[in-house]
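This report concerns only the one structure given below.
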Amino acid sequence: MIVKLLLDRKREGGELTPEEICALVDAYTRGDVPDYQMASFAMAVCCRGMTAAETHALTDAMQHSGACLTWPGLSADKHSTGGIGDKLSLVIQPLAASCGLSVPSLAGRGLGLTGGTVDKLESIPGYNAGLSLDDFKRVVASCGVSIAAQTADIAPADKKLYALRDVTGTVPSIPLIVGSILSKKLAEGAGTLVFDVKCGAGAFMKTRADACALARALVEGAKAAGRRAAALVTAMDEPLGWTVGNALEVEEAIEVLRGGNVQDARCPSCGQNARHPDDVVELSVELAARMVSLAKGEGLDEARAACRANLANGAAFARFAEMVKLHGGDLDAFLAQRRVEDVSSGRDASPRRPPGRAVAAADGFVASIDAQKVGQAAFELGAGRAQATDAIDPAAGVRLLVTHGDKVSAGQPLAQLHAPTRPERLPAAAQLVHEAIAVSSSAPAPKPLILEVVE
Ligand code: URA
């Protein structure tokens, strides 16, 4: 293989054969192709794209660069492209397991505004996400679900290529994103894959056209590799749920897993004593139901009903609690810690630390909540990391007290801010949250949560 000739052809918009792509990825993973040539390849793909056959070959080569797992019986996983307040994996994976599926889920630590799924789980004292593949298999066999950190054995070609893309301006390319996401998910081995492709200001994919294109490519790629697959394109202009920040999000996920879907602090703010529809519950049920329905070959309505029942009857929470225990985590200690934090931050909507909140400047309705700005506030407070070596403060973050469409009055608290290790950042973060929550004089139209379904 003469790499320069492959680069010439790709630069001119030509197509590479599966054998050429496989040889290139293998040689790069071994260290026989230097970073500068692979960066040139990635840039040529960014500019020229890839055919479906090329994307499939890239995915296949990266998947087989490391270990490939297999699971007995029915197995499924959900992958999200990530967004602000996206704690859905914490609900969906145990929920799907409670419906009889094996759910092996390898997840990432987050770079950027807020932590990844693994960071969230590590806010539970003792939770060990760094399992060997053998221990990962043992936990799945024992309780049906494990959420563990991506290991070096899975798709090492992607680890190397993603780090290179990150510093060479070559992340935003649909074929490269598909190869990266799918290689890891296919190697993980679940028979059914459901994708949640986030779309909007707080997401990786900013436009609906790009999000739909990525969703279609992920589903096509997964099917081409012999898996059952579907994707939802979902809104990420506003944060998902009430909380943004690692321990706060785990706490919210636990509330949902226990069958709750309302935050007490919110009801007085809108003047209604009603339970509100909750985006975390709605989306969790919808995504988990697709995993169950595809894996078992049963109807979607039946699967939705089973998911709702298992949230209400405690079966999903029991799976979560068992998973946490098998990972060495202490859920009682976590919940006790959270109770202390709630009391000290005044979750009763009359916070005792004035800088740690944002209040409404005028009477009106919550017209929008800018996910990106709330994410930036959480980052300021210590919930995210700019570099892989940065420490996260698990207790840092933002708890929203209002949501889209709520009626508010001037001076009413809109959000609480938690920054135990960086209290000096509270005023700047409060300003960001204040800017994020737009209040208008008339009630806004409701916003759809699910924008597109790709099957
Ligand atoms: N997430 C991934 O895992 N890979 C990408 O290329 C982009 C997002």
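- Of the charged side-chain nitrogens involved, at least one lies within less than 4.0 Å of a carboxylate oxygen, so that Asp196 and Lys198 count as a salt-bridged pair.
- Qualifying side-chain hydrogen bond (donor to acceptor under 3.5 Å, both in side chains) partners for Asn246, counting only residues two or more places apart in sequence or in other chains: none.
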Quiz: residues 138-146 side-chain donor-acceptor pairs under 3.5 angstrom, not counting sequence neighbours:
unit_1 : atom_1 : unit_2 : atom_2 : d
Arg138 : NE     : Asp135 : OD1    : 3.3
Arg138 : NH2    : Asp135 : OD1    : 2.5
Ser146 : OG     : His327 : NE2    : 2.9

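- Side-chain contact between Thr192 and Arg227 is absent, with no heavy atoms from C-beta onward closer than 4.5 Å.
- The ring-ring contact (aromatic ring centres under 6.0 Å, His included) check on Phe136 picks up Trp71, with sequence neighbours excluded.
- Residues Lys10 and Glu54 are paired through a salt bridge, judged by an N-O separation under 4.0 Å between the basic side chain and the carboxylate.
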Audit row: Ile177, Met205, side-chain contact (heavy atoms from CB on, under 4.5 Å) steps and yes/no | CA-CA 11 Å; Ile177 297 170; Met205 292 285 130; 3.7 Å; yes
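- Ser105 and Gln93 share a donor-acceptor pair across their side chains, judged by distance under 3.5 Å alone.
- Judged by the 6.0 Å distance and 45° axis criteria, Lys78 is not positioned over the aromatic ring of Phe195.
- For Arg304, the CZ atom is densely surrounded, since the number of other residues' heavy atoms within 6.0 Å is greater than 12.
- Checked for salt-bridge contact, Glu252 and Arg338 miss the test: no charged N lies under 4.0 Å from a carboxylate O.
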For Asp330 and Lys325, run salt bridge (charged side-chain N to carboxylate O under 4.0 Å, His left out): C-alpha distance rounded to whole Å, both residues' side-chain angles, the deciding distance at 0.1 Å, then the answer.
-> CA-CA 7 Å; Asp330 185 341; Lys325 195 165 138 203; over 6 Å; no
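- A salt bridge does not link Glu255 with Arg258: every distance from a Lys NZ or Arg NE/NH1/NH2 to an Asp or Glu carboxylate oxygen is 4.0 Å or more.
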